[in-house]
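Please read the structure below before turning to the comments.
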Amino acid sequence: MRFGIAFKLALLLGLLGVLASGLTGYYAYEVSRDLLVASAKNELLTSARVLLRRIAATRAVIARDLQVMSRHPAAARVLQQSDPAAADQVATLFKLVMAANPGYFQMRLISGASNGLEQVRVDRDGEQLVQVTGEDLQEKGHFDYVFGTLGLPAGGVYLSRIAINHDSGVHSGLDKPTVQMATPVTDARGVAIGVVVVSVDLNGSFSQLGADLPKEMQLIFANGLGDYLIHPDPRKAFGFDRGMRVLVQNEFAQTRDLVEGKAQSVVVESSDGSFAPQPVVAAFVMQNVSNIVAPDENRLILGLAQPLSTVVQRADALGTNILRIVTAFCVVCLVLAWLVARAVTRPINAMRRSVQAF
């Protein structure tokens, strides 16, 4: 079977059109996929920064509460004169503040003398706020949140490491992730004579951080040394409390720059180790807290991770639409190629017939 010149020309033009449409669709899909992944990374990075600012805002609120209580005249009277009436005033103030802040499970006024003896202490026991008195008051001078805070200037705020609370004297806060914040109480000369300390239950704060996130997003939180405090796998959180180190920089190597203070943010794709079955894209941001004294760390790291498959699904949906468009263009190219080939070869065929007739 012999094909005419019109068919051959139409086939050539059609193949060129299909090839051009196919290549255009392929590269459009690849570029769109890369753009979607980049957009997902930017969204994760922005969301992580927003969450970190929320943490900073909460910390600032706690610091203001501490500073208000440390400047109350009754606090200084208790420390200088052991005034029982002033102690009752401080305890009432503690209870009012704790009632307004369910995350506060303990507040204390601790003397800078007498080995750091607690002068006023209020514990949260379930729904009750209990004032601890007498022999149940403890000496806390050996804790860093006491001697570390006493070395701060008036208005300075101390932030402890985030750890699991094992203080048996605390009721609601026992075995929960906890942070202590403290500020000095000063006399008329500006000399620190004691500290006001609040112990904050972080379970509620951690839950609130992840409450507004999409279901597929995973929250990751680590201290300045890289120890996980929040992880999608709860067994990896607070590993140091169980005698092991589970570090973010071991799971996401790029975050080592955050731990070492060489970068403020990193965005990574991970398909190794535990993420081999389900690769993720993740964004991490670091916040310095050097303005608040900490014993062995001065930064916090927060990350958000999202399965790469979630991002690719959007690209696949876009790829399906691109395929439909390319298919339609290919059909149009074939039809146009046939019409053009006929239009071009019609005079040639007429000439050929005339020559044959001659």
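For the single chain, residues carry numbers from 1 onward in sequence order.
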Next item on the list: Please check if atom CZ in Arg235 has more than 12 non-hydrogen atoms from other residues, nucleotides or ligands closer than 6.0 Å.
Entry: no

Note to self: Could you check whether any side-chain N or O of Asp144 sits under 3.5 Å from a backbone N or O of Gly148, counting only pairs where one atom can act as donor and the other as acceptor?
What the structure shows: no

Item checked: Arg161 NZ/CZ over Phe240 ring centroid, <6.0 Å and within 45° of normal -> yes

Next item on the list: Give, for atom CG of Leu52 and atom CZ of Arg54, the distance between the pair rounded to the nearest 0.5 Å.
Entry: 11.5 Å

Next item on the list: For Pro177 and Asn203, work out which heavy atoms get closest and say how close.
Entry: CG-OD1, 3.2 Å

Item checked: Gap separating the CG atom of Leu117 from the OG atom of Ser82, nearest 0.5 angstrom -> 9.0 Å

Check: Can the ring centroids of Tyr228 and Phe221 be said to lie less than 6.0 angstrom from one another?
Finding: no

Check: Going by heavy atoms in the side chains, are Val185 and Arg71 under 4.5 Å from each other?
Finding: no

Notebook entry, point to check: Rounded to the nearest 0.5 Å, how far apart are CG of Leu44 and CZ of Phe284?
Noted result: 10.0 Å

Next item on the list: Evaluate the side-chain proximity of Asp175 to His166: yes if any heavy-atom separation is below 4.5 Å, no if none is.
Entry: yes

Next item on the list: To the nearest 0.5 Å, tell me how far Arg121 CZ sits from Thr133 OG1.
Entry: 10.0 Å

Notebook entry, point to check: Is there side-chain contact between Gln180 and Gln106, with at least one heavy-atom pair below 4.5 Å?
Noted result: no

Item checked: Single-linkage hydrophobic cluster Leu302~Leu247, side-chain heavy atoms < 4.5 angstrom -> no

Checklist line | For Arg64, all residues meeting salt bridge (charged side-chain N to carboxylate O under 4.0 Å, His left out), sequence neighbours excluded | finding: none

Margin query: Looking at every non-hydrogen atom in both residues, tell me the closest pair between Glu118 and Ile110 and how far apart they are.
Written below: CG-CG1, 4.1 Å

Next item on the list: For Val132 and Leu137, work out which heavy atoms get closest and say how close.
Entry: O-CD2, 3.3 Å

Notebook entry, point to check: Which distance, rounded to the nearest 0.5 Å, do you find between the CG of Leu258 and the CD of Gln287?
Noted result: 12.5 Å

Next item on the list: Fit a plane to each ring of Tyr145 and Phe143, take the angle between them on a 0 to 90° scale, and name the class: parallel (under 30°), tilted (30 to 60°) or perpendicular (over 60°).
Entry: parallel

Item checked: Minimal non-hydrogen separation, Pro184 against Gly156, with atom names -> CD-O, 3.2 Å

Notebook entry, point to check: Is Phe147 reachable from Val198 through a run of hydrophobic residues whose side-chain heavy atoms are each under 4.5 Å from the next?
Noted result: no

Item checked: Side-chain donor or acceptor of Ser265 paired with backbone N/O of Val285 under 3.5 Å -> no

Item checked: Joint cluster assignment, Ile193 & Val90, ILVMFWY side-chain distance < 4.5 Å -> yes

Next item on the list: Check Ala63 against Val157 and note the closest heavy-atom contact, atom names and distance.
Entry: CB-CG2, 3.8 Å

Notebook entry, point to check: So do the side chains of Ile301 and Asn223 get within less than 4.5 Å of each other, counting heavy atoms only?
Noted result: no

Notebook entry, point to check: If you take all heavy atoms of Val267 and Leu45, which pair is closest and at what distance?
Noted result: CG2-CD2, 4.2 Å

Notebook entry, point to check: From Leu93 CG over to Met69 CE, what is the distance, rounded to the nearest 0.5 angstrom?
Noted result: 6.0 Å

